[in-house]
Amino acid sequence: MATDCLGLVLMVTVTSAGMQDRDTAYRLLALLREHFSTVTLVWADGGYAGRLVVWAKAVLRLTITIVKRTDDIKGFVVLPRRWVAERTFGRLIRHRRLVRDYERKPEHHEAMVWWATLAIMSRRLARELAGDPPPPHWGQPHPPSPTTA
């Protein structure tokens, strides 16, 4: 999955579990370049380092910056830029059809991801147009709505 800086899904590629993510990334980046020609910089996990970075630079003219976790760090640490994609995965998994692998075909699962993305984006847009505050983080009370205050 490729997201923008806000965590909105730009491109999705669903494959069988037998395929490595780094092998699928070639197709994902090619589709990303085809649909979003202005994207020039991609942040990626350490698992994508190597030939993919060289290939993307030479063939697609994309700069891939690898965000690595250092061995010195103990416990949980938020890594810069990686949290954007992780947050998007967290939002998507709140949709029931994406919790389990219900779909038999990758195309169907990809459609479910797009459907969930559409629901997330439309709720966000409706909230902004209505002037409502963003939803609270876990464990925090809802702030009063401007219409009821």
Trainee: Indicate, with yes or no, if V9 and L118 share a hydrophobic cluster defined by side-chain heavy-atom contacts under 4.5 Å among Ile, Leu, Val, Met, Phe, Trp and Tyr.
Mentor: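 Each belongs to a different hydrophobic cluster.
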Trainee: Check step by step if side-chain contact (heavy atoms from CB on, under 4.5 Å) holds for L92 and M1.
Mentor: CA-CA 11 Å; L92 287 173; M1 182 172 65; 3.7 Å; yes
Trainee: When rounded to the nearest 0.5 angstrom, what distance separates CD1 in I120 from OG1 in T88?
Mentor: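 It is 7.5 Å, given to the nearest 0.5 Å.
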Trainee: Locate the shortest heavy-atom distance separating R33 from L62; write the atom from each residue and the value.
Mentor: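 Looking at all heavy atoms of both residues, the shortest contact is NH2-CD2, 3.4 Å.
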Trainee: Looking only at heavy atoms, which two atoms of L8 and R124 are closest? And how far apart?
Mentor: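 Residues L8 and R124, closest heavy atoms: CD2-NH1, 3.4 Å.
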Trainee: Looking at every heavy atom in both E110 and T13, which two are closest together, and how far apart are they?
Mentor: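 Looking at all heavy atoms of both residues, the closest pair is OE1-CA, 4.2 Å.
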Trainee: Examine L10 and L98 and state if one hydrophobic cluster contains both, with Ile, Leu, Val, Met, Phe, Trp and Tyr joined whenever side-chain heavy atoms are less than 4.5 Å apart.
Mentor: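 L10 and L98: separate clusters.
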Trainee: Kindly list each side-chain donor-acceptor pair under 3.5 angstrom involving residues 41-56, sequence neighbours excluded, with atom names and distances?
Mentor:
from	atom 1	to	atom 2	distance (Å)
D45	OD1	G47	N	3.0
D45	OD2	R82	NE	3.2
D45	OD2	R82	NH1	3.2
D45	OD2	R82	NH2	3.4

Trainee: Give the cluster check for F36 versus L28: same hydrophobic cluster or not, with ILVMFWY residues linked at side-chain heavy-atom distances below 4.5 Å.
Mentor: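 In one cluster: yes.
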Trainee: Just wondering, are more than 12 heavy atoms of other shown residues or ligands nearer than 6.0 Å to CZ in R87?
Mentor: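 Count over threshold, so yes.
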Trainee: Kindly determine whether M11 and L29 satisfy side-chain contact (heavy atoms from CB on, under 4.5 Å), including the steps that lead there.
Mentor: CA-CA 9 Å; M11 195 58 49; L29 290 176; over 6 Å; no
Trainee: May I have all residue pairs that pass ring pair (Phe, Tyr, Trp, His ring centres under 6.0 Å) and include part of residues 105-133, sequence neighbours excluded?
Mentor: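 Applying ring pair (Phe, Tyr, Trp, His ring centres under 6.0 Å) to every pair that reaches into residues 105-133, excluding sequence neighbours, yields nothing.
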Trainee: Please check if V14 and F89 belong to a single hydrophobic cluster, counting links between Ile, Leu, Val, Met, Phe, Trp and Tyr side chain heavy atoms closer than 4.5 Å.
Mentor: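 Yes: a chain of side-chain contacts under 4.5 Å links V14 to F89.
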Trainee: Hydrophobic clustering (ILVMFWY, side-chain heavy atoms < 4.5 Å, transitive) - are M121 and L6 grouped together?
Mentor: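 L6 clusters together with M121.
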